[in-house]
Each structure stands twice: as structure tokens, then as C-alpha cells.
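Here is the structure we will look at, set down as C-alpha cells.
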Amino acid sequence: MSQNSSSSLLINRPKISTKISLIFSLADRLLKWYDRQSDTHTKMPWRGEADPYCIWISEVMLQQTQVATVVDYYRRWLEHFPNVQSLAQANLDEVLKVWEGLGYYTRARNLHRAAQVIVSDYNGEFPQQYNTIKTLPGVGEYTASALSSIAFNQAVPVVDGNVLRVYSRLLCLVDDIRNPKTKLLARAGLQKLIPQDRPGDFNQALMDLGRNVCQPRQPQCHVCPVQELCCAYNRNRTGDFPVKSKAKATPTFQIVVGIIYKDGKVLIQRRPPKGLLGGLWEFPGGKIEAGETPENALIREIREETGLEVEIGSQLTQLKHAYTHFKINLTCFVCEYQSGTARPKASTALRWVKPGELTKFAFPKANQKILPLLTPDK
DNA sequence: AATGCGGGGAG
DNA sequence: CTCCCAGCATT
């Protein structure tokens, strides 16, 4: 795993001829390859789209999210919110419902807010300057660069995870790509390589290459259009790049939730607007503390969160779910209402809902796995 | 600079 | 199962 530092330093200096070749032929080869990838373009409904609104939606959905996952969400989003005005006027609940299951729900809230900014501050017209675009909620360096280059043809390089991996292998970069400075380094390097005439296609070609050819594991170098320019390939060391430090291990929490029945309805609560799963609906419950039985934890959590007293019934299901920084083992019980009036204590709202109506609300994935198990008319 | 924030695919 | 993937906002 660890190379000694003197050899690592040496490999960070590609031959001068390699650098010259990069400058003269990287863009040329990439764009010729890009133009031949009709299958790839066909799979992405936003590819070739001229409307900045559509490009914006696609780029935000693609943050940390794979193309195959985004495609259906993108189509459905445009059916609900075909333009910036319709999004600005929409209800946040409706926006979250369309985003439901896609993750990182702040993105949906920021899209909603940004649409309102565009309507109120820019007369509904998408801003065209990089610096202005970047002020929109939810738009950082990557998305501002993507929009500037793809929608407005400005020569601004994008540096997402795919591009960083490609760049690292091309140059045998010793810098840890987890270090934010490495991104700046790549951005500066790519600024010299991006062609003025087709900056958007160049950026998309690099990302396509990273996703489909220069993959994290087992890169497909035999079909790579820039194989001869690649330092890692030429040294037979593609497995050594990019250099990336290990992530910390994530803890696992024991969680218990309850489906509380009363008069044929079940109780759901809405999470606070910010933070984890912000604004989504869920079943009451929480962490099982040390030394606590799941049943006792659930009685305690329901009392703390809603003020209700319940009787724990049968175990409905048990499931595992992974978040970014922790994992949960979730146990779900059916509960019977005993006494008390439900008041939102840990949440912003409580609702008694018929099981058949639950799909109208936006639930996180872990809760969605429970919904099909509920009997429609208990 | 470090941390919080979902979900999905490959092996 | 386990491992790996990846932008923005906040602090």
C-alpha cells in the first residue's frame, strides 16, 4: 500500500513530452471520442438540452448521485415543474414528494429557494455569469462551472470526482484527492487544457470518461481515447491512482420505531426543516440506549416525541440501512394507542393518517421499506 | 479544515 | 454481507 516517499516524489513528474502531448492533443482526442458516444448521450435526457433550467436540474440531481438513478427523477421533475416559474410557485411538500428517495434533501429545498430567487431577483431569467450563478442556494463550484460551460459556453473547467480520478491517473498525481487543495490543483491544470470552442463538451467528455472508462476499479484502458497520454497507464500503475486516504469507520445505531394505530389510522410526524432528512415524514421512534430493551426504548421515545402512551404489539419487521456517517439496525413494532393527545415535541407536525394515504407523504428510504408491510385497512 | 448530509452499485 | 462512490453548506 504505502510507497516510500522518495519514489512517490519521482512519479509526480511526468516527462516533459507527456505534458506537451497533453496540451496539444487531450482536448482533441477527448472530443472526437465524445462525439462517437451516441449510446451514452441517448441515456441522458439532459444531454444536448439548451434550456439552462433543465441543465441546472440535472446537474443538481447528479451531485453525488449516479446517472442511472437520476434519469427517472429528472423526467418526473420536469413533468411536475417544467420551468423555473412552476418550481418557484410550487409547495415545498410537493417538491419534497417528487424528490423523495433521491437523498440529500437539502438539494430539493435549495432548488425551490433558488427558483424563487431567480424569479424575484432576475426576472425569471437564469443568470449567465459564473459568479452570479454560484450565489444561488445549492450551487457550488462544481455546479456553477457545469452551468457556465454547458449552458453558456464559457471556458470554465469542472472538477467532480470523475474528473479528479482521470486527472490523477493522467499525471500520476501523488496528492491525496481527499485533500481540497488537490481539487484546486486540478482546476488550475485543466484551465490550460479546456478548449475555448467546446468547453461544455470537453467537461462532459471528461466526466463520461471517468464514469464509463476510467472507472475506480478495473479501468477500461483498452478502449480509452487518451491511453497514450496517461502516465498511470504507461507505467502500468493505474491501480495506484488516484491516491486517496481512508475514510473513518461509521458507527451503527440500534433504532426502534412504532406504527401506532388509533381508529384505523397511524401516526406520522414531520422532521425539522433542516438537518438529517429535513422536512420528511416518519414514524415515531429513536435510538435504543445502552441497557434498554427495544420495547422500553420505544415506549420512552413515543412518550418523549408525541406525549402518547402506547402498548407494544408484534414486531412488524427488522431492517438495516446505511447513511453517510452511520448505519442503523431498525426494529419496527406495531403499537396500540392507549392514552394521551398527540403533540409534536421532537417534530414540527403530527398527523393521523389512513395507511392507504401514506404514499402522499415524502418518507426516507428506511421508512419506505416499511410502508408495503402495513395492512391497508386495519 | 473538518463535519454533516442519502442512497445505490459492484464484488 | 463489505467496500466504494461523490458536491454543498455550515462551523
Side-chain angles (χ1 to χ4, degrees), chain A residues 1 56-73 96 99-114 133-148 156-168 175-184 186-187 203 206-208 210-220 239 241-253 255 271-282 318-330 362-369:
Chain A
M1 175 65 202
W56 173 47
I57 299 302
S58 72
E59 287 301 340
V60 172
M61 287 185 170
L62 286 163
Q63 292 168 7
Q64 309 287 95
T65 310
Q66 302 187 347
V67 170
T69 307
V70 166
V71 169
D72 286 345
Y73 279 94
L96 283 174
W99 195 271
E100 179 187 32
L102 198 51
Y104 288 128
Y105 297 91
T106 302
R107 293 185 292 175
R109 296 195 299 275
N110 282 337
L111 278 176
H112 190 221
R113 281 174 52 211
I133 296 171
K134 195 169 174 300
T135 65
L136 295 171
V139 175
E141 191 166 82
Y142 164 78
T143 308
S145 302
L147 276 164
S148 299
V156 188
V158 297
V159 185
D160 72 343
N162 289 311
V163 172
L164 207 49
R165 184 173 56 255
V166 171
Y167 190 79
S168 167
D175 306 68
D176 182 355
I177 62 166
R178 215 179 274 280
N179 185 337
K181 284 182 182 170
T182 307
K183 198 173 275 187
L184 296 177
R187 187 173 162 85
N203 282 337
L206 267 181
M207 294 190 281
D208 286 2
R211 187 178 58 252
N212 297 329
V213 178
C214 194
Q215 298 145 331
R217 290 182 275 211
Q218 296 172 0
Q220 309 293 301
F241 300 95
V243 174
K244 189 173 186 181
S245 54
K246 287 276 181 193
K248 277 188 284 187
T250 55
T252 301
F253 299 118
I255 302 291
R271 296 178 61 91
K274 290 188 174 185
L276 182 70
L277 307 168
L280 272 68
W281 293 81
E282 65 178 10
Q318 209 163 22
L319 59 89
K320 296 177 188 296
H321 191 76
Y323 294 85
T324 311
H325 294 290
F326 60 91
K327 295 190 271 283
I328 62 170
N329 292 330
L330 185 151
F363 284 91
K365 276 283 174 180
N367 273 245
Q368 280 178 45
K369 295 174 186 172

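Just so it is clear, the model here is predicted, and its values are computed rather than measured. Chain A is the first sequence line, chain B the second, and so forth, proteins listed ahead of strands; every chain is numbered from 1.
Residue A:Gln215 contributes atom CD, which lies 16 Å from atom C1' of C:dC3 at whole-angstrom precision. Atom pair A:Arg107:CZ and C:dC8:C1' shows a separation of 10 Å (rounding to whole Å applied). Atom C1' of nucleotide C:dC5 and atom CD of A:Gln64 are separated by 8 Å, given to the nearest angstrom.
Along DNA chain B, the nucleotide nearest A:Pro180 and the nucleotide nearest A:Lys365 are compared for position; the residue whose nucleotide lies closer to the 5' end is A:Pro180. Where A:Lys274 and A:Lys183 meet DNA chain C, the nucleotide closest to each residue was compared, and A:Lys183 sits on the side nearer the 5' end. Comparing A:Asn110 and A:Thr65 by the nucleotide of DNA chain C that holds the closest heavy atom to each, the one mapping nearer the 5' end is A:Thr65.
Using a 4.0 Å heavy-atom distance criterion, A:Val60 is classed as making no nucleic acid contact. At a threshold of 4.0 angstrom between heavy atoms, the contacts of A:Tyr142 are confined to the sugar-phosphate backbone, with no base atom among them. Nucleic acid contact for A:Leu62: none, since no nucleic acid atom lies under 4.0 Å from a heavy atom of the residue. Using a 4.0 Å heavy-atom distance criterion, A:Ala322 is classed as a base contact. Among the heavy atoms of the strands, none lies under 4.0 Å from A:Gly278. Residue-level contact check: A:Asp160 touches the backbone only, with heavy atoms under 4.0 Å from sugar-phosphate atoms and none from bases.
OP1 or OP2 of B:dG11 lies within a sub-4.0 Å distance of a side-chain N or O belonging to A:Gln218. Residue A:His321 has a polar side-chain atom (N or O) positioned under 4.0 Å from OP1 or OP2 of B:dG7. A:Lys181 has a side-chain polar atom (N or O) that falls below the 4.0 Å cut-off from OP1 or OP2 of B:dA1. The phosphate of C:dC3 has neither OP1 nor OP2 within less than 4.0 Å of any side-chain N or O from A:Lys246. Applying the 4.0 Å criterion to OP1 and OP2 of C:dC8, one finds that A:Lys134 has every side-chain N and O outside that range.
Side chains of A:Lys244 and A:Arg165 form no contact here, defined as non-hydrogen atoms less than 4.5 Å apart. Side chains of A:Gln318 and A:Asn329 form no contact here, defined as non-hydrogen atoms less than 4.5 Å apart.
The nucleotide whose nearest atom lies closest to any side-chain atom of A:Gln63 is, among B:dG4, C:dG7, C:dC1, C:dG7. Here B:dG7 is the nucleotide among B:dG7, C:dC5, B:dG8 with the atom lying nearest to any side-chain atom of A:Tyr323. Taking only side-chain atoms of A:Thr324, from C-beta outward, the nucleotide of C:dC8, C:dC1, B:dC5 with the closest atom is B:dC5. In the set C:dC8, B:dG7, B:dG8, the nucleotide with an atom closest to the side chain of A:Tyr105 is B:dG7.
For A:Glu100 and A:Tyr105, the side-chain atoms include no donor-acceptor pair closer than 3.5 Å. A donor-acceptor pair shorter than 3.5 Å can be found between the side chains of A:Arg113 and A:Asn110.
Using a 4.0 Å cut-off between charged nitrogen and carboxylate oxygen, A:Arg271 and A:Glu282 count as a salt-bridge pair.
A parallel orientation is assigned to the rings of A:Phe326 and A:Tyr323, their planes being inclined by less than 30° (bins at 30° and 60°).
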